[in-house]
2 protein chains.
Amino acid sequence: MTALQMACGSCAMHRLCHPLTGAEGWLDAVQARRRLERGQKLFRAGAPQAAIFAVRAGTLKVSAPDGAGGHFIVRFLLPGDAAGLDGLAGGVHPTEAVALEDCQVCEIPRVRAEILAEGIPTVGAVLRSLIASQLAGSQVHSALLARHAAGERVARFLLDLSRRWDERGYSAASFRLPMLRSEIGEHLGLTMESVSRVLSDFQSRGWIRLTRGAIALLDLDQLRACAAIPLR
Amino acid sequence: MTALQMACGSCAMHRLCHPLTGAEGWLDAVQARRRLERGQKLFRAGAPQAAIFAVRAGTLKVSAPDGAGGHFIVRFLLPGDAAGLDGLAGGVHPTEAVALEDCQVCEIPRVRAEILAEGIPTVGAVLRSLIASQLAGSQVHSALLARHAAGERVARFLLDLSRRWDERGYSAASFRLPMLRSEIGEHLGLTMESVSRVLSDFQSRGWIRLTRGAIALLDLDQLRACAAIPLR
DNA sequence: CCCGTTGCATGATTTAAATCAAGTCCGCCG
DNA sequence: CGGCGGACTTGATTTAAATCATGCAACGGG
């Protein structure tokens with residue numbers, strides 16, 4: 001396991017796995033810790049939803065197939081992120097999750113989560129909060145796709161990653177980009193070429209520095225200014 | 001009240017208001033039925049989330065302000081739809097809801113919903129399911145915005161409304177369009193002009209018939225074919 | 001170590017939709 | 001009834017991003 005590992009304390013599901021402070025009996029909410037190799041699927045679109053997941057180490061992409069071989073990438077997962085919650089409506093995963101690198105993932109069977117939610121009110125509240133949080137995030141992303149230019153989309157994407165790494169205690173200014181340019185494009189509604197052009201432009205302005213598989217944000221203020229300016 | 005009214009039986013929140021079949025005691029989950037005039041706000045973006053809502057009659061738009069006077073319209077609400085769930089993460093509404101016409105809306109205070117969820121397991125499950133359903137829907141909408149052309153967006157929008165009216169027992173082929181062209185555009189990431197051109201084009205092909213404030217879908221198959229074809 | 005593949009960058013051209021600009025239709029109110 | 005304003009349509013032009021095309025650089029397997 002070379003990927004950064006997340007402490008349970010800063011995991012999105014922490015209050016779900018450990019609902020009763022100090023009570024060790026609930027640690028077994030997590031039935032298994034799965035290891036995934038790069039490219040392996042954590043769950044498949046259309047498959048019955050057997051569990052919800054928390055990323056312990058590594059990064060993944062969550063994507064929705066468009067029925068014609070293409071994929072829209074709904075979000076990227078960092079350590080501590082929850083996954084598979086969008087299947088809680090119909091019992092079937094509408095999306096799939098694929099490891100961008102070697103990963104370690106905690107798995108809470110759906111049934112176990114439901115039993116916990118019935119027994120412990122805070123668990124139900126945490127679950128609702130997690131799903132609602134992803135809903136709010138998805139709505140913001142829709143707004144980004146509907147109304148904002150390429151430069152702004154890329155700037156917000158970088159700042160979003162920066163903030164999330166920061167929240168996890170890692171550098172907000174310098175992090176790996178484990179996804180391909182084409183995958184950034186599939187997330188932002190742009191082509192690979194457009195993503196590449198915008199990144200090159202940012203670099204030529206001195207706002208970022210690109211190295212293989214990683215990025216340094218050199219001027220957060222300029223990026224924020226770029227990201228904040230609406231189209232009209 | 002001129003707008004069509006929804007029977008509680010086909011409301012998204014039915015199993016939340018009436019969790020125990022035959023037990024009348026839970027009917028008071030709904031604390032109030034509010035009336036809204038066209039243009040009135042049901043809740044405001046940034047306001048503390050005091051309640052969740054179910055539309056009983058009329059239609060509304062749910063929109064996210066973009067910080068520069070513009071709005072992205074997240075979804076339109078029909079009778080029986082739930083609203084305000086995206087505030088369950090942070091306790092603050094990230095979006096606002098505005099009546100497109102005179103409306104009647106059921107209101108369940110947040111605290112009451114939480115008490116019910118604690119007391120009755122199915123209520124918690126219904127709540128999770130409602131939020132997860134909106135999450136899945138929002139993700140699909142993101143994919144639409146990211147990857148699909150104007151004609152396809154409009155076709156899907158019309159078919160989505162058609163399906164939803166159908167589910168409610170009304171005509172799938174003919175319904176009112178209470179929102180402005182510009183509002184359809186704000187929902188689909190298009191300008192008013194583009195929406196108008198696409199609708200005119202559909203009409204000239206004989207796929208739809210537009211009348212003031214309403215639409216008839218004349219060729220669902222052609223619309224479906226248009227909506228299903230991905231960009232690549 | 002070389003070569004083929006894969007990911008990325010960048011230039012030229014095309015295109016879909018935005019923008020700019022009239023003009024029409026209708027409901028409303030004086 | 002008649003003029004006004006808001007909603008919508010339609011046309012001309014511009015523009016941002018897609019598409020098409022090419023080249024480069026790093027990596028990995030033989």
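Reminder, nothing fancy here: chain letters follow the sequence lines and each chain counts from 1. Reckoned from all heavy atoms, side chains included, excluding hydrogens, waters and symmetry mates.
- Under the salt bridge (Lys or Arg N to Asp or Glu O under 4.0 Å) criterion, A/Asp201 pairs with A/Arg205, sequence neighbours left out.
- Atom CZ in A/Phe202 sits roughly 17 Å away from atom P in C/dC8 (whole-Å rounding).
- Distance B/Glu152 CD to C/dA16 P: 14 Å, rounded to the nearest Å.
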Please enumerate all protein N or O atoms sitting under 3.5 Å from an N or O of nucleotides 7-10 of chain D, with distances to 0.1 Å.
unit_1	atom_1	unit_2	atom_2	d
D/dC8	OP2	B/Arg181	N	3.1
D/dT9	OP1	B/Arg181	NH2	3.4
D/dT9	OP2	B/Arg181	NE	2.9
D/dT9	OP2	B/Ser196	OG	2.7
D/dT9	O5'	B/Ser196	OG	3.2
D/dT10	OP2	B/Ser200	OG	2.6

Could you give the side-chain donor-acceptor pairs of residues 84-98 of chain A under 3.5 Å, partners two or more places apart or in another chain?
unit_1	atom_1	unit_2	atom_2	d
A/Asp86	OD2	A/Thr95	OG1	2.9
A/Asp86	OD2	B/Gln139	NE2	2.8

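- Scored by the side-chain contact (heavy atoms from CB on, under 4.5 Å) test, B/Pro48 finds no partners at all (sequence neighbours excluded).
- Across all strands, B/Gly151 comes closer than 4.0 Å to no nucleic acid atom at all (heavy-atom distances).
- Evaluation of the side chain to side chain donor-acceptor pair (under 3.5 Å) test over residues 209-220 of chain A, restricted to residues two or more places apart or in two chains, returns none.
- Residues meeting the side-chain hydrogen bond (donor to acceptor under 3.5 Å, both in side chains) test with B/Ser129, sequence neighbours left out: none.
- Other residues, nucleotides and ligands contribute at most 12 non-hydrogen atoms within 6.0 Å of the CZ atom of B/Arg38.
- Within the structure, ring-ring contact (aromatic ring centres under 6.0 Å, His included) contacts touching residues 178-223 of chain A (residues at least two apart or in different chains) are A/Phe76-A/His187, A/His141-A/His187, A/Phe157-A/His187, A/Phe202-A/Trp207.
- For the pair A/Leu190 CG and C/dC8 P, the interatomic distance rounds to 15 Å; values are reported in whole Å.
- Taking the screw axis at each terminus of the helix from C/dC1-D/dG30 to C/dG30-D/dC1 from five consecutive base pairs, the angle between the two is 30° to within rounding of 10 degrees.
- In this entry the distance linking CZ of B/Arg147 with C1' of C/dA16 reads 17 Å, nearest Å.
- Shown here are the side-chain hydrogen bond (donor to acceptor under 3.5 Å, both in side chains) partners of A/Gln134, two or more places apart in sequence or in another chain: A/Arg75.
- Rounding to whole angstrom units, CG of residue A/Leu188 and C1' of D/dA18 are separated by 15 Å.
- Atom CG of A/Leu145 and atom P of C/dA17 are 15 Å apart (whole Å).
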